Amino acid sequence: MPQGVNILQYSDVFFAMYTDNAVSCTHRNHTHVMVYMISGELEIKEGKERICLHRGDCAFIRKDISVQLTKRNYQDEQFKAIFMAFSTRFLRDFYGRLDKADLPEEARRSNVNIYRLPSGRPDIESLFKSMSPYFDARIQPAAEIIQLKLVEGMYILLNTDKNLYASLFDFATPWKIDILDFLEKNYMKELTIGEIANYTGRSLSSFKRDFKLCSSLTPQKWLINRRLEAARDMLAQGKRKISEVCYAVGFKNVSHFSRAYKETFGIPPTAAV
């Protein structure tokens with residue numbers, strides 16, 4: 001934990017206070033997260049997108065993306081925020097209790113990864129202000145209270161934009177994430193098969209079962225083949241070294257990359273430059 005950081009965590013909710021001037025970290029979201037700013041400033045970067053949150057601001061950060069978070073003091077106020085993480089288990093349980101007749105089947109998964117919620121909403125302020133007492137480590141919320149807060153947070157999101165149904169419940173028809181579409185966008189990234197399954201809203205067993213409907217290859221073989229295809233295109237351009245291409249497409253070892261390239265295309269990568 002960075003120096004000067006104070007974190008209180010209760011189940012899937014944690015409160016964070018930073019006494020340093022600025023703390024920055026980059027991580028890949030394994031769960032959907034909602035963050036509410038008590039004070040200070042939170043800068044969120046994802047690719048070319050950048051937003052800054054201040055007192056009273058609230059945002060939803062979708063899972064399966066890499067974000068850089070910078071927490072800092074702002075106008076002499078200490079950084080203080082509340083984060084809610086919605087686990088897959090919680091989402092499945094929540095979805096199971098919904099009346100399926102009321103679900104907006106026309107909802108579609110948005111390409112927006114960081115969603116700033118409208119400001120000044122009494123339901124948002126009420127939820128997070130009710131949690132402020134738990135910044136005191138001597139006041140321990142019961143598990144049932146945390147569960148109720150997560151449920152309240154879910155309804156805030158669903159009442160904000162019906163399309164969030166498709167992002168939050170991406171494990172259910174008609175919003176289930178297309179596996180090959182996800183892999184096509186993320187094949188160069190260092191992800192385990194378990195992580196890919198989670199990001200596509202599936203258990204590992206259901207991911208493997210669904211993948212068989214998409215391809216005759218195993219997930220690992222599909223990834224290797226797709227990376228090699230991308231490497232061949234890069235090498236044909238003649239602008240990058242073999243080692244650079246190797247790491248760029250997701251291989252960790254040049255010798256393994258060279259061997260796999262020759263086995264697939266019949267020539268070593270040196271002959272493709």
Side-chain angles (χ1 to χ4, degrees), residues 6-17 27-39 42 44 53 56-65 67 69 71 80-100 102-104 107 109-110 112-172 175-177 195 197-203:
N6 183 9
I7 295 178
L8 303 177
Q9 181 164 357
Y10 308 109
S11 184
D12 291 318
V13 176
F14 64 91
F15 312 82
M17 292 179 287
H27 65 95
R28 189 172 182 89
N29 276 6
H30 289 269
T31 59
H32 298 295
V33 173
M34 184 160 61
V35 55
Y36 179 81
M37 293 296 297
I38 303 295
S39 58
L42 176 63
I44 309 174
L53 305 179
D57 289 338
C58 185
F60 170 71
I61 307 173
R62 203 171 69 183
K63 72 176 183 179
D64 79 33
I65 63 170
V67 292
L69 304 179
K71 306 100 174 175
K80 192 180 293 185
I82 300 176
F83 294 82
M84 278 188 166
F86 300 101
S87 69
T88 300
R89 174 179 294 182
F90 170 82
L91 290 170
R92 288 184 182 276
D93 289 344
F94 185 95
Y95 180 80
R97 294 193 297 272
L98 291 176
D99 185 342
K100 304 305 184 289
D102 295 333
L103 295 177
R109 181 178 165 94
S110 171
V112 176
N113 292 324
I114 306 171
Y115 190 108
R116 185 196 290 266
L117 277 69
S119 60
R121 280 177 47 176
D123 54 346
I124 294 176
E125 294 180 2
S126 174
L127 168 61
F128 289 103
K129 284 183 179 179
S130 73
M131 299 168 69
S132 296
Y134 303 121
F135 271 105
D136 185 340
R138 293 169 297 179
I139 304 176
Q140 295 284 330
E144 291 80 5
I145 291 178
I146 292 296
Q147 190 74 6
L148 288 173
K149 301 301 181 186
L150 288 168
V151 169
E152 193 172 346
M154 281 295 301
Y155 279 114
I156 285 174
L157 292 174
L158 296 178
N159 290 333
T160 298
D161 187 341
K162 296 299 182 183
N163 286 320
L164 288 176
Y165 276 84
S167 290
L168 291 164
F169 308 126
D170 54 19
F171 47 79
W175 309 306
K176 187 175 289 188
I177 292 177
E195 287 173 327
N198 178 59
Y199 291 143
T200 58
R202 295 165 170 85
S203 66

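Hydrogens, waters and symmetry mates play no part in the numbers below; they use all other heavy atoms, side chains included. The structure displayed is predicted, hence computed values, not measured ones.
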Engineer: So which heavy atom on N163 is nearest to which on A107, and how close?
Structural biologist: OD1-CA, 3.4 Å
Engineer: Considering only heavy atoms from C-beta outward, does the side chain of Y36 approach that of M131 to under 4.5 Å?
Structural biologist: no
Engineer: Given side chains that start at C-beta, do those of H32 and F60 come closer than 4.5 Å, heavy atoms only?
Structural biologist: yes
Engineer: Within this structure, what is the CD1-NZ distance for the pair I44 and K71, rounded to the nearest 0.5 Å?
Structural biologist: 9.5 Å
Engineer: Mind checking the CD1-CZ spacing from I177 to R109? Nearest 0.5 Å is all I need.
Structural biologist: 3.5 Å
Engineer: If we check salt bridge (charged side-chain N to carboxylate O under 4.0 Å, His left out) with D170, which of these qualifies: R92, K63, K176?
Structural biologist: K63
Engineer: Between L98 and F169, is there a side-chain heavy-atom distance shorter than 4.5 Å?
Structural biologist: yes
Engineer: Is there a side-chain contact between Y115 and S167 (heavy atoms, below 4.5 Å)?
Structural biologist: no
Engineer: If you round to the nearest 0.5 Å, how far is OG1 of T88 from CZ of F171?
Structural biologist: 7.5 Å
Engineer: Are F86 and F94 near enough that their ring centres are under 6.0 Å apart?
Structural biologist: no
Engineer: Taking the side chain as C-beta and beyond, is there a heavy-atom pair between R97 and V151 under 4.5 Å?
Structural biologist: yes
Engineer: Set out, in order, the CA-CA distance, both residues' side-chain angles and the distance that settles side-chain contact (heavy atoms from CB on, under 4.5 Å) for L117 and L157, then state yes or no.
Structural biologist: CA-CA 8 Å; L117 277 69; L157 292 174; 4.1 Å; yes
Engineer: Once you round to the nearest 0.5 Å, how far does CZ of F128 lie from CG of D123?
Structural biologist: 10.0 Å
Engineer: Distance from I114 atom CD1 to R62 atom CZ, nearest 0.5 Å?
Structural biologist: 10.5 Å
Engineer: If you look at every heavy atom in Y165 and P104, which pair is closest and at what distance?
Structural biologist: CD1-CG, 3.5 Å
Engineer: What pair of heavy atoms forms the shortest contact from A197 to S203, and how long is it?
Structural biologist: CB-O, 3.9 Å
Engineer: Taking the side chain as every heavy atom from C-beta outward, state whether R116 and L53 have any atom pair closer than 4.5 Å.
Structural biologist: yes
Engineer: Could you report the tightest heavy-atom contact between T31 and A85, atom names first, then the distance?
Structural biologist: OG1-CB, 3.6 Å
Engineer: Could you report the tightest heavy-atom contact between R121 and T160, atom names first, then the distance?
Structural biologist: NH1-OG1, 2.5 Å
Engineer: Compare every heavy atom of S11 with every heavy atom of I146, then report the nearest pair and how far apart it is.
Structural biologist: CG2-CB, 3.7 Å
Engineer: Applying side-chain contact (heavy atoms from CB on, under 4.5 Å), run through M154 and L91 and close with a yes or a no.
Structural biologist: CA-CA 9 Å; M154 281 295 301; L91 290 170; 3.7 Å; yes
Engineer: Under a 4.5 Å cut-off applied to non-hydrogen side-chain atoms, are W175 and L168 in contact?
Structural biologist: no
Engineer: Going by side-chain hydrogen bond (donor to acceptor under 3.5 Å, both in side chains), name the pairs with one or both residues in residues 139-149, residues two or more places apart or in two chains.
Structural biologist: S130-K149
Engineer: Classify the ring geometry of F15 against Y134: parallel below 30°, tilted from 30° to 60°, perpendicular beyond 60°.
Structural biologist: tilted
Engineer: Just wondering, do R89 and D93 contact through their side chains at under 4.5 Å, heavy atoms?
Structural biologist: yes
Engineer: Distance check, rounded to the nearest 0.5 Å: D64 atom CG versus T200 atom OG1?
Structural biologist: 9.0 Å
